[in-house]
Amino acid sequence: MCLAVPGKIVSVNETDPLFRLGVVDFGGVTREVNLACVPEAVPGDYVIVHVGMALSVLDEETALQTRREMREIVENTDPL
Amino acid sequence: MCLAVPGKIVSVNETDPLFRLGVVDFGGVTREVNLACVPEAVPGDYVIVHVGMALSVLDEETALQTRREMREIVENTDPL
Amino acid sequence: MQEEVRQLIEELRHAVTRPWAVMEVCGGQTHAIASLGLEELLPPGLRLIHGPGCPVCVTAVELIDQAVELSLRPGVVLCSYGDMMRVPGSRGDLFSAKAGGGNVFLMYSPLEAVAYAGSHPDTEVVFFAVGFETTAPATALALQQARMLGYANFSVLCAHVLVPPALEWLMDQDEGRPDAFLAPGHVCAVTGEMDYVRLAARYRTPMVVTGFEAPDLLRGILMCVRQLEAGEYVVRNAYGRYVKPGGNRAAQERMNEVFEPEDRRWRGLGLIPGGGMRLRREWNDMDAVLRFECGKGRPGADEASGCLAGQVLRGLIRPGECPFFGSSCTPLAPLGAPMVSGEGACAAYYHYKRS
Amino acid sequence: MQEEVRQLIEELRHAVTRPWAVMEVCGGQTHAIASLGLEELLPPGLRLIHGPGCPVCVTAVELIDQAVELSLRPGVVLCSYGDMMRVPGSRGDLFSAKAGGGNVFLMYSPLEAVAYAGSHPDTEVVFFAVGFETTAPATALALQQARMLGYANFSVLCAHVLVPPALEWLMDQDEGRPDAFLAPGHVCAVTGEMDYVRLAARYRTPMVVTGFEAPDLLRGILMCVRQLEAGEYVVRNAYGRYVKPGGNRAAQERMNEVFEPEDRRWRGLGLIPGGGMRLRREWNDMDAVLRFECGKGRPGADEASGCLAGQVLRGLIRPGECPFFGSSCTPLAPLGAPMVSGEGACAAYYHYKRS
Amino acid sequence: MFECPVPEPVSDRIQMAHGGGGRLMNELIRSVFLSAFGCPSGGVQNDAAVLEIPPGRLAMTTDSFVVQPLEFPGGSIGSLAVHGTVNDLAMSGAEPLYLTAGFILEEGLPLEVLARVAQDMAAAARAAGVRIVTGDTKVVERGKGDGIYINTAGVGIVRHGLEISPSSVRPGDSVLLSGDLGRHGMTIMSLRAGLSFGDGLESDSAPLHESVAAVIRAGIPVHCLRDVTRGGLTATLSEIAESAGLTVKLNEMSIPVREDVRAACGLLGLDPLQVACEGRYLAVLPREHEEEALNLMRGCGVSAGACVIGRVEELGTAPLLMTGLLGVERVLTMPSGMQLPRIC
Amino acid sequence: MFECPVPEPVSDRIQMAHGGGGRLMNELIRSVFLSAFGCPSGGVQNDAAVLEIPPGRLAMTTDSFVVQPLEFPGGSIGSLAVHGTVNDLAMSGAEPLYLTAGFILEEGLPLEVLARVAQDMAAAARAAGVRIVTGDTKVVERGKGDGIYINTAGVGIVRHGLEISPSSVRPGDSVLLSGDLGRHGMTIMSLRAGLSFGDGLESDSAPLHESVAAVIRAGIPVHCLRDVTRGGLTATLSEIAESAGLTVKLNEMSIPVREDVRAACGLLGLDPLQVACEGRYLAVLPREHEEEALNLMRGCGVSAGACVIGRVEELGTAPLLMTGLLGVERVLTMPSGMQLPRIC
Ligand code: SF4
Ligand code: SF4
Ligand SMILES: [Mg+2]
Ligand SMILES: [Mg+2]
Ligand SMILES: [Mg+2]
Ligand SMILES: [Mg+2]
Ligand SMILES: [Mg+2]
Ligand SMILES: [Mg+2]
Ligand SMILES: [Mg+2]
Ligand SMILES: [Mg+2]
Ligand SMILES: [Mg+2]
Ligand SMILES: [Mg+2]
């Protein structure tokens, strides 16, 4: 469920919080996206978009950390 | 002005006076015509119809009389 | 050629001894005369003048503008006779309103518009009611039907006009007074002859109630000429098979229940006292102008075009004498209303007599 | 094949020592797994069960009937995601409603429907709001926007459902309980992990928040297997780049302002306590069911078709094991909802795995 | 339980997906079109039909059909779409061979109506001896069509060496009309205006190529042919006269119009000379062949009522003149747009 | 004085009378169509065009075009109407010669839009070396059309002796695709969904007959050709495979799709293999000619991106199979209806 696609915020149009709009680039295609639920997002951020609304901002820290954790799990349990 | 066409009443549907309808034959074509303004008209009568409403019932007496009058005028004034 | 017609033409030849100008009031007669080529059969000296009896031609520009405006209102359908579709208002005609997003439905009868209102309760149905006394009873009947049925979404944009006040106005002008009138047969089938009796006496001008076929027309003309030659000026009836002296009482009553006279601008002529009909106060709720608070329109917009309709409709010039006729004014791109309607004098000439 | 994927598959092969059944909850994951052919790469003994995580598939027949009914009301436009168009109700789907005269507009976002309501003040615009917690914030935002803008003609037919109550229901059944869950990544991006932590502990079942690409899915599966093999049952996050433990607070707040949980029939499953969301009392004026006094629908209509969706959605049978699969039930003429949506387990199997 | 109308079952009406290029469209083509037209050469799914064609020049034409109602006494939009294109080919003296059929269907169209129209079309093609060899189907949303629009394009083979064109018309030529005017247009308009005809007036829609072929095969040097369609006789003859730079003089009394058609025209304020036919044509040819042509035309059912209605002269006061019932000559002008019912 | 919107002047928009067969229609034809297409053989008003045609079999096809918006990056409904029919002719290996053009115009259409579309159509025909030889115009009421619908029918001459058809396809054949997928469909859908493309994605609409001719002229025994339109690659290849009674095996990695097209498809939940093109074709031919055909195709601009995407085999588990990015083979099924944007 819930087709959601990551893209990069190109610009933000600050208006009323309910109508905060950004132009988001999805690998060569851009679309206007509502940013009301990611008030912290700024141009340059990656967001994941569903039904025209950004749901979440990419956490690069976590992304890297996940990768590290993964590797640990893999390494720790390899011998089994 | 006022394209009006003579036709012969084929049948009458007696309802409320405002909605008195007749089927009128115009030389092979028939159409429903409102008869509210010719309450005296009955099947077999000729009526003259304008915008879907009968305006007048043909007076055969008068028709003949007109013809007579015409002839008189013509005859009376011919010598001039 | 029918024997009857040949004989009537022969009679006319004998009857005419001096030049006479007879005005056929009715545009339907103008149309018939032009399409039959009747004028070419008349004896020299007998001239026909094509009068203002085309309701399409005389409908004021401001009323057309109101119709256009109403058609463009969301939720409103404007119902019109086919005749009015191409008549230019100050901002285009109903066809261009339709092309530009207006809702315009062609109807053959106001009673159809009532039925449409019944089957479309969420649509405001406005009937654009043009026409003379012939047509007004059907409008009255439509309003009565709609009220009886409780159709609150039906209303009328009332453009009805009356013939006798226009004849009076014509006869009160300094130039262009005809010697006799062919009174409009279908109008008289409704109204009867009374008004014309009064006018004939007042202006000492013969009037003959006349129909629309070749023999009818010729008979009407002949009965005018007979009076003129004899120095008489009464009303005679050459269309007695459909016109009774008192007209149609039932139709008159319906009209009187719904309408009352008012002063009205006739396109090309000007303000004619008592020349129009409006809805009586009791019918205000079904008057589209009041219901939709229509703007009043811009009177006089058509005069700016240079159209000489006024002079044509008064018989002062023939259509072919208008400098725009056939060049910048054609049925495809009419400058004035008489070039639009099949009944308009200019269109009748354009279609049948360009040669 | 990407090196990362190859490596993850290799790890899985080493990790699995006993048979395990892992349920991917989310239909998007089902779709990805089927289209990638991922199951064929898994080690023997490791089985994927395709869960009820397709909001289209689980939307109750009575809600579809209400959507159909609303689309056929004069003056109403029903706005729907493309996904819902072909889902059969008891009297046809939205496409047939459209062909039969209903007003159905496809929209990509409820915010578009709000904009449409603004530009069409005379039209009643109803948004058919399906979806899980991922989609509900956009519906909430749409309602908030419409109220702020004063669009009295906007309303919502609310079909939103909640994932955790459905997992609870599944685990309370006697048969078909999976050994572990891939928790739905995009739902968790909104809700966070808390509910899943509770469920994992209560049912002593590992849960891993998982994304939708091949490496994401394999990582999620691997992290489940690791826990199962080690006897652990906690929540882990294999989609941390988008899912924070607490989820998206702003989105949660919008949802909570507008919605509250209610018991809801899930198509194919049955009544799930707390399994749906309705509008709070303060938003009743924008609830289409109340505004238009929709009929309640005929629960249970779909069961009559013989569709075994309930058993498929609970993992008791695979789609290909349904006797109707591919014969009397195809995407062109679906018997049940899982054959409609690209995400439905039956459709995913039909499109990619008929061989 | 619901008070609102409920939609018809899926399978009874055209839906958007019927135009999507997928399985649903293929089923529609198979169940409706192929069952009516038979399998076109090259199979259903070929992009084009590949056809054998006899030697000669190729005549090619197209028309779209947008009539309402879709079915009417004497035919339907389907038969009309065949006759219209067959006739346009016939007017170049061609032998019509192959037609294409392009359908634009409105979402919500009952499939049974489509099936009837397709059957009608197939029957008309069979009767006219032409083959519908390839087709196309598009579906447009409800409110963006009017049930069915059909385009047909046709090719035929021209075996004669005549230049059939207004430019071949000469002063002195006779103008022949193949039958009475206005049946098709008045059939359609009467349905809309609530008129009924006592003895069942029908559209005159019919294929004209055999009547034309009879005249050409006899070696008559036909100068110009034209089917009398939109705009009626007035528009059709005006075009010929204007293109030829000559004057055509008609005699009103010689132009056949049924009494009931004339009455219906009178009622609606229409001119029968401007009403469309779909099974009548004009032939302009040298006067010395008039008699023979007339006999040949009268020998075909579709042109049994053929008659001479006028003559060509050097350019006079206007391209088209007509002597009326009172013996007065008047101008006929090309209609501006379309005829509307009128009240005055 | 009036607060309501007022209509545009008469002359700016299509009105019902433009379809009435009278003077207004003739003026429209003269001012818009003839000025774009030039005077067709036989003059404006002839019912059919009479054409010289070289010897050979005749290919004949038709398509109606109903695209919205009417104008889009890379073309318009006008150029599309030319390319679509030229390409259907090309797919039988024909040399396209003549087109017909049937317009169904909606009342209210701005005349300037019509003029631009007609110019586009004329330019596309010139560029493709075909002539628009006859046409037709109908006007439908506002709310019964969508601005402009165009039907084109086309004829071409088939000079080769090949049987180009699914029935000629043989196991072992190579499947060639002339370029990347989905540009046309995504250009159109993106305009409706409010998407923009960074480097200006355009429709791939283009005439394909020269690319095809290059292959056929070289003597390569082409077995089957098909342009990739409605339903995309999946529908097109499914049809070929089903008709042939064989299995086509594709390799997903070899199928070219631009990254931005892929991203737009991802956003709307569409499968690029089911998105329409208007300038791509499939050629199925013996493997030993694969290399030569590829070189010839790549030598033409419209097919510069040609590549081999799969092979034909004896009928296997399904007509169309594809090996995916993880090396797993899966079935591709013919789409049912049309693709809709989805959210899950
Ligand atoms: S020809 Fe035209 S401009 Fe002249 S009076 Fe008649 S309508 Fe007016
Ligand atoms: S195959 Fe069809 S009938 Fe069987 S479970 Fe799936 S949707 Fe239901
Ligand atoms: Mg094709
Ligand atoms: Mg044609
Ligand atoms: Mg034609
Ligand atoms: Mg096609
Ligand atoms: Mg419609
Ligand atoms: Mg023709
Ligand atoms: Mg084609
Ligand atoms: Mg095509
Ligand atoms: Mg034509
Ligand atoms: Mg439209």
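So that the names make sense, note that chain A is the first sequence line, chain B the second, and so on, each numbered from 1. The model shown is predicted, which means the values in this text are computed figures rather than measured ones.
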Query raised in the report: Which of residues 28-45 of chain B get closer than 4.5 angstrom to chain E, counting heavy atoms alone?
Result: B/G28, B/V29, B/T30, B/R31

Query - Proximal to chain B - members of residues 257-269 of chain E, heavy-atom separation under 4.5 Å - result: E/E259, E/D260, E/A263, E/A264, E/G266, E/L267, E/L268, E/G269

Query raised in the report: Counting heavy atoms not belonging to E/F72, are there more than 12 under 6.0 Å from its CZ?
Result: yes

